[in-house]
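Computation of the quantities below employed the complete heavy-atom set of this structure, encompassing side-chain atoms and omitting hydrogens, waters and symmetry-equivalent molecules. Order of the sequence lines fixes the chain letters, A, B, ..., with proteins taken first and strands second; residue numbering starts at 1 for each chain.
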Amino acid sequence: MNKEKLLEVEKLNIKFLTSIGDVNVSENINFHLKRGEIFCIVGESGCGKSVVALSLTRLLPENAMINGSIKFEGVDIANLEDKEFAKIRGRKIATIFEQPMSCINPVMRIGNQIAETYRANFKCSKKEAKEQALKKLKEVKLPINRYNSYPHELSGGMQQRVMIAIALACNPQLLIADEPTTSLDVTVQYQILELLQEIKEKYNMAILMITHDMAVVHDMADTIGVMYAGNMMEIAARDAFFQQPLHPYAQELLNVVKDPCNYTIPGTVPNLMESFLGCPFEPRCNKSTEICKTKKPEDIVMGKRIVRCLNVVPN
Amino acid sequence: MNSKLKKLLCFGMAALMLVGSVGCSNVGASGKTNQTELKVAYGKDTNVISEKGNPDMLVAIFAGERLVEVVNGEVVPSIAESWEVKNDGSCISFKIKKGLKFSDGTDLTAKEVRLIFDRNIALKSFQWTEMDRVEKIEVPDDYTINFYYKDGMDGYIALAGFAEYGNTIIGSNSFQTPGDPTTPIVKYTSLGAWKISEYVKDQYTTFVPNENYKGDAVKLEKITVNTITDDEARVLAIQSGDVDVIVDYYHGGSAYTPRNLLSTLKEGGVQVLKQEMPMTTVLAFNYTNNDNWKNIKLRQVMNYAINKDEIAGLFDGWITPANDAYFSDCSPFTTSLGVQSYKYDPEKAKQLLAECGLTGFSPKMLVNSDNTDEVKMAELLKSMLLESGINLQLEVMDATKYADAKKGADWDVTSYYIGGPERRIYSRNEGRFDPSTPEFGASGCYTSETIVSAVQKAVDPFDVNERKAGFKEFYAAIDAEAACVPLYYNAVFVVAKDGVEGIKFIGTEPTFDNVTYKK
Amino acid sequence: MGKNFKIGVIMILFLAIIVFAGPLIAPYDPNDVNMSIRLQGVTSAHIMGTDQLGRDLFSRLVYATGTSVKISLVVVIVSMVIGFVFGSTAAFLGGAVDEFLMRIIDVFMAFPTKIFTIAIAGILGASAFNITLALIITSWAVYARMVRGCVLTAKEMPFIDAATALGANRFYTIIKHVLPSVFQPLSTFAFQRIAHTMMAIVGLSFIGLGVQPPTPELGAMISESKNFMSTAPHLFIFPGLLISYVVFSFNILDDSLRDYWDPRIKSELAL
Amino acid sequence: MIRYIFRRLLYLIPVLILTSFLAYMLVYLSPSSPAQIILQSRYSGDPTQEQINDFNQEYGFDQPILIQYASWLKNAVRGDLGKSLSDGSEVLDDFIYSFKASAELYFSSQLLALIIALPIGVYSAFKANSIFDRISRAYSLVGMSIPDFWLGMLLVYVFSIVLNLLPSFGYTSPQNIILPMLALGLSSSFSLIRLVRTSVLEVLHLNYIRTARSKGLSEGQIMMKHALRNALIPIVTVVGIHLTHFIGGAVAVETMFAWPGLGNFFAKAAGNQDIPVIQGFVLLSAVFFIFANLIIDIICKQLDPRIDYQNEGGKNNG
Amino acid sequence: MSCLIEAVNLTKVFKDKHFSVFNKKEITAVDNVSLTVNSSESVGIVGESGCGKSMLGKMLVGLTLPTKGSVCYNGREISKLTFNEMKKLRPRLQPIFQDADSTLNPKFTVKKLLEEPFVINKIPKDEANQRIDELLNYVNLGKEFYNRYPHEISGGQRQRLGLARALSLKPDFIVADEPAASLDSSVQAQILQLLNQMKSNNGLGLVYVSHNLRIVSMMTQRVNVMYLGSFVETGDTKDVFENPIHPYTKMLIGSVLTIDGEKRKLGTKKVFGEPPDPKNRATGCAFHPRCDQCTQICKEERPELKKVGEKNRFVACHNI
């Protein structure tokens with residue numbers, strides 16, 4: 001057991017059972033995360049990246065079927081009793097979401113929302129909780145006189161800071177950030193990302209970040225995971241990835257982002273309702289071969305990199 | 001904010017609970033019915049506190065006495081020990097009994113007697129329809145009171161009028177300003193066997209024995225009269241044991257025990273006490289506005305076409321079908337009459353209708369929706385008349401609209417009752433058949449000179465034999481002219497639980513003076 | 001669209017047959033009196049028994065349902081039309097006209113509906129026509145306010161701007177874009193109101209302010225049957241069940257439609 | 001806040017004036033004149049012209065309409081709404097008396113409805129689509145289709161006639177309130193269950209509930225602190241509006257149980273064309289209704305800090 | 001020849017919408033802004049949310065009339081045109097909205113939506129159908145979408161449909177308000193390329209409104225940086241991005257994340273503060289509460305746009 005590895009996800013399969021059929025949103029996903037590391041999952045909308053994040057803390061709706069192992073600090077939390085799991089959620093794994101306005105209770109003072117988190121996880125007096133909350137407010141650079149404000153009295157950036165303060169209330173070891181800066185202005189985004197980095201340094205925690213924005217990935221990630229249609233196509237260290245992505249999808253994506261005025265990926269993102277015989281990217285891939293249509297690609301491990309493509313030859 | 005909110009919520013909850021608990025604990029004593037208390041359901045508020053007009057009849061029956069009473073067609077003394085007619089019949093002079101006391105202990109003199117008459121004249125209370133004919137009232141001494149009439153008095157009908165409940169004598173302390181009869185009645189004091197101990201408007205009135213009453217003491221300690229305006233609710237009340245007695249009230253045409261429930265009540269082990277009275281429900285024609293009715297054949301058609309037995313059947317036989325004639329067995333002076341009336345004969349009706357040349361005749365009938373029995377009866381009439389080729393149209397409306405519509409020309413028939421307690425049979429018959437009386441509306445029964453002269457002969461003379469002859473002529477005239485369609489003879493009912501004993505009728509009004517209640 | 005929708009549609013179709021083909025279904029004339037068989041319970045000749053005049057209860061119920069449902073349809077349609085005219089005028093003209101019309105609507109909405117209806121029906125006198133009139137007077141304002149809101153919302157929709165930018169004039173945008181966006185919520189709302197109006201009518205008839213005899217009407221029939229609760233309970237039970245049937249069929253259809261339009265609370269009700 | 005209330009009150013003035021005018025004018029809907037209606041019922045014959053003139057003079061009906069209205073309004077502001085034509089009692093006293101009776105019945109029934117509906121609705125939302133939820137939804141949908149007065153009759157049939165347990169009418173003993181309260185409370189609870197379920201369910205789908213879960217709160221804490229608190233806002237609004245509907249809202253049930261409430265009293269007055277009572281009741285109930293709605297709005301603002309006092313214009317609920 | 005669009009001193013003031021006797025607040029959404037656009041030129045407007053850039057865009061195509069100032073199209077002032085004249089002009093000026101979803105009437109099918117511009121302008125059916133075919137081909141939408149409703153097609157398709165509608169009447173001038181925001185990068189690229197293609201093929205003038213500076217820098221020749229209703233810096237895109245002068249421009253550009261080069265070092269650039277609230281505008285220079293070079297005069301006096309250097313560069317700052 002590698003002690004370095006805070007989170008280890010193996011063969012994670014997630015299915016949604018709906019009245020019109022099953023939807024596979026995650027197929028055999030493997031990745032791991034160390035303390036002090038920022039792991040970014042990047043992908044276009046509907047590729048299943050948020051579902052993976054939510055599955056880690058059991059926040060998916062009841063019709064989701066989760067299979068596989070999720071080891072946190074060496075414990076398989078995927079198969080824990082709810083009661084046991086409650087000791088981890090919020091306390092050791094915290095989550096922040098996009099659209100902070102809708103994610104904090106609109107009729108509760110923000111200070112109370114932070115303090116409440118602390119009290120829910122550690123038995124303590126109200127006063128202690130309040131002190132902790134004030135400390136966290138300071139940490140996210142909000143003036144402490146905002147303790148008694150209501151969420152609607154704050155701007156979007158401040159609301160996201162409140163979210164972060166709530167997440168930090170119990171000093172978690174893993175922070176899951178699901179699109180934390182989408183819908184924020186560039187200036188605010190910059191500050192929030194900076195704040196996240198600072199916090200990571202301070203607590204030496206791991207951040208699992210979900211985003212669709214390559215620029216954010218470039219700015220934040222230590223390791224990158226590219227998802228497409230429920231598959232983790234490539235996992236690589238940041239520098240290696242930006243120098244030379246290996247998976248055709250990752251290559252195309254990077255090209256488009258670099259030069260949107262001259263470069264496109266033909267076709268559209270597939271609907272997850274369809275099931276794929278072969279590689280889901282095959283219809284749009286310019287390097288596809290016959291075999292791509294019929295055989296599902298498997299993870300190819302190349303040192304620290306993992307690629308899921310039939311045409312990549314392991315070195 | 002949080003604490004404020006909590007306070008607010010707590011306050012709200014507390015207020016809710018308070019209101020809830022008030023709702024559950026409000027309005028006084030319930031207690032178990034003991035043997036000396038009787039609970040009575042009555043269809044009207046007793047109106048004990050009255051701005052204008054007077055308290056309800058029920059109060060007058062229980063707690064009040066009048067100058068005279070009418071019993072079996074005879075005027076008998078009550079507060080007045082004697083009377084005489086003076087000045088060629090334009091004055092009636094009453095001698096009042098001595099030593100009577102009101103329920104509050106004050107003495108009765110002629111001055112107190114005149115208060116109620118002054119009140120009725122001043123406030124134009126028309127409960128006694130003759131009151132506007134009185135010119136002045138004099139009190140020559142403490143025990144004499146004289147009434148002077150403008151154009152000479154109306155004979156027997158005027159004398160009987162002093163027995164009207166609106167003329168119940170009340171004490172001077174009854175009024176808001178004691179002694180001023182134009183002020184509201186706020187504290188009813190009177191001379192009867194009972195006195196009022198408690199009154200809540202629209203809820204209940206409690207009667208207790210009047211210790212100043214000179215007659216025989218009553219046997220119960222208390223009577224609570226509950227006001228329950230809904231007919232069905234009163235029936236449910238006695239079925240569920242909330243009251244012991246329902247007192248019928250038919251004067252004014254409403255608030256009575258539905259006739260078609262009496263059988264059900266009786267089957268359920270409740271006593272049904274019936275008192276026949278000289279009151280006839282008739283179908284009247286709007287002849288002043290519709291010339292068709294002036295044809296006697298058409299009036300006869302209606303008489304032949306209606307099967308009165310079926311109407312009685314609608315009420316499970318609790319009332320008597322008017323098969324014989326306009327008058328009932330208990331109407332005054334009827335025993336020796338031999339008037340032959342119209343028997344149910346739809347064929348004859350058809351034939352007569354054809355003779356009138358009125359095929360497809362479809363008269364419009366006004367129906368008062370407040371009287372559910374009347375509505376049912378109208379529906380029955382409609383279906384019966386259809387068999388003789390008359391298509392009756394029903395216009396059902398509430399009491400006020402009904403009264404309003406009746407004034408207009410846009411209707412053909414309606415039903416109402418004539419008669420009532422004995423003293424009223426005089427004024428009612430006169431009012432319905434003599435167009436010169438104030439009570440006569442546009443909608444009287446069909447009348448003619450013969451009928452008018454007959455009704456005057458029947459109600460005016462002091463002499464019993466003259467009146468008897470008059471009534472005979474009057475009944476015959478109505479029958480001959482087919483002035484209306486007599487439908488049924490009404491009755492009053494008292495419904496009482498087992499164990500209530502001693503309810504008697506004086507005339508048509510029940511008295512509880514000797515009632516006992518054993519559970 | 002779900003099971004409930006199907007149930008609702010079938011129930012409404014059945015109701016429509018009762019309402020519009022009543023005379024064909026009813027085995028007897030509803031006003032046919034037969035005193036010899038009064039207050040009978042359920043028999044083979046009279047499947048729901050007879051009333052106090054020996055009339056066939058089933059036939060009366062068929063006609064009574066027709067009366068109640070037709071009145072509610074008239075009330076809903078007329079007040080919807082009035083509300084539509086008022087509301088859209090206010091919203092389109094705006095400014096002082098809007099202020100003025102809104103104040104009028106406010107005044108009508110300031111009365112507790114039932115008290116207002118009773119007052120009007122009482123003063124005019126109880127009859128089928130007057131009760132219809134009273135209900136229209138008291139309910140048009142709700143529609144007007146709703147239409148105004150819808151029009152104002154629709155007027156602000158970006159697709160109006162888009163059409164304007166393409167050169168559309170006001171008339172075109174109103175006819176093609178604004179009004180169609182109002183009709184759907186309005187008709188949905190009107191649909192909900194049928195059940196509501198139906199309840200109001202039977203309630204008013206129950207207290208004697210609605211349809212008058214001999215016209216059979218459900219509320220009035222229940223009111224009449226109070227007399228016979230202990231002896232002939234079928235007289236109040238059947239009309240009550242029928243009211244519930246009518247209201248339920250509208251409710252379940254409305255409910256399933258609402259579920260259909262609001263996918264978040266999508267679920268099916270098992271019956 | 002105070003400024004907001006002040007502004008709302010100011011805004012109400014024209015509404016109140018128009019409302020009172022409409023209430024006064026109701027009488028002129030009638031096909032016959034007040035004098036005729038009243039005199040007709042006072043004396044059993046046709047009133048004479050003299051009587052009509054006297055009457056008009058006494059009640060001021062001979063004045064122009066606007067002057068009549070002005071003097072009526074002037075008296076109304078002083079609390080004098082005139083006297084009932086049928087029994088001469090003060091309209092205001094009658095109103096207060098029946099208001100009290102209505103309030104007792106209605107508040108207790110709504111309390112009952114809340115007690116029934118809150119747990120069922122919340123549990124139903126929490127276990128959405130479970131058997132319990134399906135049953136409770138079917139139950140409330142069926143219940144909503146039952147007229148309250150008919151439910152009352154069923155209760156009377158069972159408890160008064162068959163079982164002979166409870167009184168079926170009246171206002172004299174504490175047991176009297178039970179059946180009408182059950183009838184009203186049950187029928188309000190049906191729609192309330194749906195409302196509670198929908199609002200809680202709506203809140204449960206919101207993102208901050210997910211946040212609360214991710215924070216490590218227990219389901220109970222989430223329900224009490226986050227879901228219920230927010231779901232309460234629409235519930236309070238609707239229950240508040242429901243409560244104001246006790247003016248006349250229970251008329252059929254009140255009539256059914258002979259409960260001396262506003263609806264019962266008013267229906268009778270309307271039937272009798274008792275004009276001062278109709279005018280007075282309509283005006284008083286409208287005034288009460290308007291102010292009650294104002295109070296509900298204020299309470300909702302207390303519950304929901306998001307609502308901005310500055311930018312809200314007048315809003316009425318129907 | 002004058003330029004295609006010339007806006008002079010545009011100002012837009014809103015009254016507080018709600019009925020109130022006591023407080024009548026005025027919000028100045030756009031404050032004294034001038035702008036010119038030539039054919040085949042694309043001009044960018046950038047700024048944080050709430051700075052009034054969308055309102056400016058609406059005024060440029062005549063969807064909203066300015067409170068003060070004028071917009072001239074080919075020298076004709078559009079606010080002074082009669083309704084009919086304006087109706088003729090409308091097809092020349094087309095907006096493309098950020099939220100394609102709400103600009104398409106949800107009750108219309110794709111076919112009906114495409115036909116609408118021709119119906120409105122009474123263009124014969126044959127011509128219209130031919131044009132629609134061209135357009136579909138152009139925006140790369142197949143006929144299989146004809147009978148679908150807007151909510152049944154994807155976001156990118158909807159945006160392309162919006163584009164097709166805007167292009168259907170062959171406009172000269174297009175205001176694209178965040179046309180690609182909230183789309184995935186691959187879809188975004190398709191839209192941007194379409195826009196560019198339109199500009200170069202048809203020679204039309206384009207105003208590109210966005211808060212995404214990276215895309216603005218790629219799409220436009222000139223750029224206007226907007227802060228709380230006014231321009232704080234204008235100039236050629238290349239110059240502005242390479243050498244920002246106004247502190248706000250510096251901050252904006254500093255906050256742009258790139259995907260080239262090294263990972264940023266924490267605390268290197270000074271980006272702080274929140275987008276301002278138009279209801280509470282600061283006195284003097286609106287930016288001064290967030291500005292690290294703020295002096296006394298900035299708090300008191302509003303800076304005017306001043307020409308800086310040779311090349312069409314204007315900056316509104318006291319400290320240059």
Side-chain angles (χ1 to χ4, degrees), chain A residues 38 42-47 141 154-159 161 181-195 197-198 200-201 212-222 238-239 241-242 249 252-269 271 284, chain E residues 46-51 140 153-157 180-197 199 210-219 248 251-277 290:
Chain A
I38 299 181
V42 69
E44 292 177 288
S45 49
C47 71
K141 295 174 185 153
L154 307 178
S155 68
M158 284 159 122
Q159 286 166 357
R161 283 173 199 268
T181 58
T182 316
S183 80
L184 295 179
D185 267 308
V186 273
T187 48
V188 181
Q189 164 175 305
Y190 191 90
Q191 298 169 58
I192 295 291
L193 294 179
E194 198 161 72
L195 178 67
Q197 297 242 24
E198 273 176 38
K200 186 212 82 179
E201 299 282 308
H212 69 276
D213 190 340
M214 266 304 176
V216 172
V217 177
H218 183 269
D219 191 55
M220 294 287 287
D222 297 319
R238 171 185 173 276
D239 292 336
F241 179 83
F242 281 99
Y249 173 64
E252 300 250 13
L253 192 60
L254 211 55
N255 284 336
V256 165
V257 175
K258 271 183 184 157
D259 191 1
C261 295
N262 296 310
Y263 211 94
T264 47
I265 311 177
T268 50
V269 182
N271 187 343
R284 301 172 78 184
Chain E
V46 295
E48 287 163 308
S49 49
C51 71
N140 198 13
I153 61 179
S154 75
Q157 285 160 344
S182 76
L183 294 178
D184 277 319
S185 0
S186 61
V187 187
Q188 201 172 29
Q190 293 168 359
I191 300 295
L192 295 179
Q193 285 170 31
L194 264 176
L195 276 174
N196 266 341
Q197 212 177 330
K199 192 185 69 179
S210 179
H211 71 271
N212 190 332
L213 274 76
R214 235 162 50 76
I215 291 175
V216 171
S217 71
M218 290 178 217
M219 290 287 293
Y248 178 62
M251 186 196 272
L252 262 188
I253 292 169
S255 65
V256 175
L257 304 174
T258 59
I259 55 167
D260 308 310
E262 289 295 298
K263 196 169 175 171
R264 73 159 138 140
K265 299 270 187 303
L266 286 183
T268 44
K269 288 169 195 153
K270 281 177 182 153
V271 178
F272 45 85
E274 300 275 338
D277 178 4
R290 288 168 82 184

Side chain from CB out, backbone as N, CA, C, O: work out which of these in [X] comes under 4.5 Å of a heavy atom of chain E, or both, or neither.
| X | answer |
| --- | --- |
| A/Val217 | neither |
| A/Val257 | both |
| A/Met158 | both |
| A/Asn262 | backbone |

Looking at [options], which one has more heavy-atom pairs under 4.5 Å with chain E than the rest?
| options | value |
| --- | --- |
| A/Met220, A/Arg238, A/Gln189 | A/Arg238 |
| A/Val186, A/Leu184, A/Asp219, A/Val256 | A/Asp219 |
| A/Ser155, A/Ser45, A/Gly156 | A/Ser45 |

Taking the side chain as every heavy atom from C-beta outward, state whether [X] and [Y] have any atom pair closer than 4.5 Å.
| X | Y | answer |
| --- | --- | --- |
| E/Ser185 | A/Met214 | no |
| A/Tyr263 | A/Lys258 | no |
| E/Arg290 | E/Pro276 | yes |

All side-chain contact (heavy atoms from CB on, under 4.5 Å) counterparts of E/Ser217, not counting sequence neighbours
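Partners of E/Ser217 under the side-chain contact (heavy atoms from CB on, under 4.5 Å) test: E/Thr237, E/Phe241.
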
Could I get the full list of side-chain contact (heavy atoms from CB on, under 4.5 Å) partners for E/Ser186, not counting sequence neighbours?
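Partners of E/Ser186 under the side-chain contact (heavy atoms from CB on, under 4.5 Å) test: A/Glu44, A/Ile265, A/Arg284.
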
Proximity breakdown for E/Gln188 and chain A, heavy-atom pairs closer than 4.5 Å:
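Contact with chain A involves no heavy atom of E/Gln188 at all.
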
Interatomic spacing from NE2 in A/His212 to SG in A/Cys47 - rounded to 0.5 Å:
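Between A/His212 NE2 and A/Cys47 SG, I get 11.0 Å after rounding to 0.5 Å.
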
